[in-house]
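Here the structure is a predicted model, which is why all the values come from computation and not from measurement. Excluded from the calculations below are hydrogen atoms, water molecules and symmetry mates; all remaining heavy atoms, backbone and side chain alike, are included.
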Amino acid sequence: NMGEYEAAAGLFENLLSAYPLSRWNDEAMFQLGKTLSLLERHKESLSRLEKFVSASPSSPLIPAALLLMARNLDQQGQPAEAIKKYKEIWMHYPSSPEAVEATVKLFTSDDRTASKKSMVSKEDRVTRASTLVDLGHFFEACSELRDLIKSSSSRPDARTALLLGKAYFGAREYDQAQSVLAKISGA
């Protein structure tokens, strides 16, 4: 019921203004942005979510906020800006539930943005793989990096190869790690 969403938005607004230093402000700011999105007040939602992301960069709700921002941008007819948010989720939050939708949006063609895949650069893919390694998702990082190296027409740069070696090492595939790292050192 839209009336209930309006009431909820009002309550979140009141909470934020009455208790500006509350430890629950981050949650209230996120929920307000989400509620405004449900009310199809996309511009207001986007503004609130942007404030939330900048005020709470380490919140576990950041991937959900970025996804809502991307949807709001899509609804406002800004697919290129939405793609940037999907890409941010895909690169920096690859193990989040929101990364599934972001991946679909990035790599599934539609009429509005036929060249979306080209918006993901080699550097973006390396950043994602690095995040996967940092999160301990070594097998997925190995797969991503092997695919990246196979799709590249040139020899992998030292950073990519080193990251692949680190991923192999984390996955306890020591022979593979040694092989990759030996190529870097020229041994």
Please evaluate residues Glu6 and Arg41 with respect to the criterion salt bridge (charged side-chain N to carboxylate O under 4.0 Å, His left out), reporting the C-alpha separation (whole Å), side-chain torsions for both, the decisive distance (0.1 Å), and the verdict.
CA-CA 11 Å; Glu6 287 288 351; Arg41 291 165 49 188; 3.0 Å; yes

Residues Leu36, Leu32; criterion side-chain contact (heavy atoms from CB on, under 4.5 Å); working and verdict:
CA-CA 6 Å; Leu36 291 169; Leu32 176 58; 4.0 Å; yes

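- Under the 4.5 Å side-chain heavy-atom criterion for ILVMFWY residues, no single connected hydrophobic cluster contains both Leu145 and Leu132.
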Any chance you could lay out the side-chain contact (heavy atoms from CB on, under 4.5 Å) test for Gln75 and Glu40, step after step, and finish with the verdict?
CA-CA 9 Å; Gln75 289 296 318; Glu40 298 183 6; over 6 Å; no

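- For residues 11-21, the pairs satisfying salt bridge (Lys or Arg N to Asp or Glu O under 4.0 Å) are Glu13-Arg48, with sequence neighbours left out.
- By the salt bridge (charged side-chain N to carboxylate O under 4.0 Å, His left out) test, Lys87 is found to be paired with Asp124, residues two or more places apart in sequence or in another chain being considered.
- Within the 3.5 Å criterion, the main-chain N or O of His92 finds no donor-acceptor partner in the side chain of Thr131.
- Residues Leu15 and Ser22 have side chains not in contact (no heavy-atom distance under 4.5 Å, counting atoms from C-beta outward).
- The heavy-atom pair separating Ala167 from Val133 by the smallest distance is CB-CG2, 3.9 Å.
- The hydrophobic cluster containing Leu181 does not contain Leu163, counting ILVMFWY residues as joined when their side-chain heavy atoms lie under 4.5 angstrom apart, directly or transitively.
- Taking OH of Tyr19 as the reference point, atom CG of Asn14 lies at 10.0 Å (rounded to 0.5 Å).
- For an aromatic pair to be called close, the ring centres must be under 6.0 Å apart, and Tyr168 with Tyr174 fails this.
- Rounding to the nearest 0.5 angstrom, the gap separating the CG atom in Leu67 from the NZ atom in Lys105 is 9.0 Å.
- Closest approach of Ile62 and Pro57 over heavy atoms only: CG1-O, 3.7 Å.
- Linking Ile, Leu, Val, Met, Phe, Trp and Tyr residues whenever their side-chain heavy atoms come within less than 4.5 Å leaves Val126 and Tyr93 in two separate clusters.
- In this structure, Ala65 and Val53 approach most closely via the heavy-atom pair CB-CG2, 3.9 Å.
- For the ring pair (Phe, Tyr, Trp, His ring centres under 6.0 Å) test, residues two or more places apart in sequence or in another chain that qualify with Phe30 are Phe52.
- The backbone N or O of His42 lies less than 3.5 Å from no partner atom in the side chain of Ser37, so there is not a single donor-acceptor pair.
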Test side-chain contact (heavy atoms from CB on, under 4.5 Å) on Lys84 and Leu73; report intermediate values, then the result.
CA-CA 10 Å; Lys84 290 177 185 176; Leu73 289 162; over 6 Å; no

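- Within a 6.0 Å sphere centred on NZ of Lys122, other residues, nucleotides and ligands contribute more than 12 heavy atoms.
- Atoms CE and CG, on Met2 and Leu38 in that order, are 7.5 Å from each other to the nearest 0.5 Å.
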Trace of the side-chain contact (heavy atoms from CB on, under 4.5 Å) decision for Arg159 with Glu123
CA-CA 10 Å; Arg159 178 177 173 233; Glu123 187 59 34; 2.6 Å; yes

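- Distance check: Gln31 CD to Leu11 CG gives 12.5 Å after rounding to the nearest 0.5 Å.
- When every heavy atom of Val104 is checked against every heavy atom of Thr108, the shortest pair comes out as O-OG1, 2.8 Å.
- Closest non-hydrogen pair, Ala158 versus Ile184, comes out as O-CD1, 3.9 Å.
- The distance from atom CZ of Arg71 to atom CG of Leu46, rounded to the nearest 0.5 Å, is 13.5 Å.
- The list of side chain to side chain donor-acceptor pair (under 3.5 Å) pairs with a residue in residues 51-63, not counting sequence neighbours, reads Asp26-Ser56.
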Worked check of salt bridge (charged side-chain N to carboxylate O under 4.0 Å, His left out) between Glu27 and Lys34:
CA-CA 10 Å; Glu27 176 80 21; Lys34 184 177 178 180; over 6 Å; no

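- For residues 53-90, the ring pair (Phe, Tyr, Trp, His ring centres under 6.0 Å) pairs, not counting sequence neighbours, are Trp90-Phe107.
- No more than 12 heavy atoms of other residues, nucleotides or ligands shown are found within 6.0 angstrom of CD on Gln178.
- Listed by chain and number, the residues in a ring pair (Phe, Tyr, Trp, His ring centres under 6.0 Å) with Phe138 amount to none (sequence neighbours excluded).
- Rounding to the nearest 0.5 angstrom, the gap separating the CG atom in Leu39 from the CD atom in Glu4 is 11.0 Å.
- Around the CG atom of Asp134, the shell of radius 6.0 Å holds more than 12 heavy atoms that belong to other residues, nucleotides or ligands.
- Here the closest heavy-atom approach between residue Pro20 and residue Asn25 is recorded as O-ND2, 2.5 Å.
- Leu66 and Val120 end up in the same hydrophobic cluster when Ile, Leu, Val, Met, Phe, Trp and Tyr side chains are linked at under 4.5 Å.
- Residues Ile89 and Leu106 share a hydrophobic cluster, clusters being chains of Ile/Leu/Val/Met/Phe/Trp/Tyr side chains in contact below 4.5 Å.
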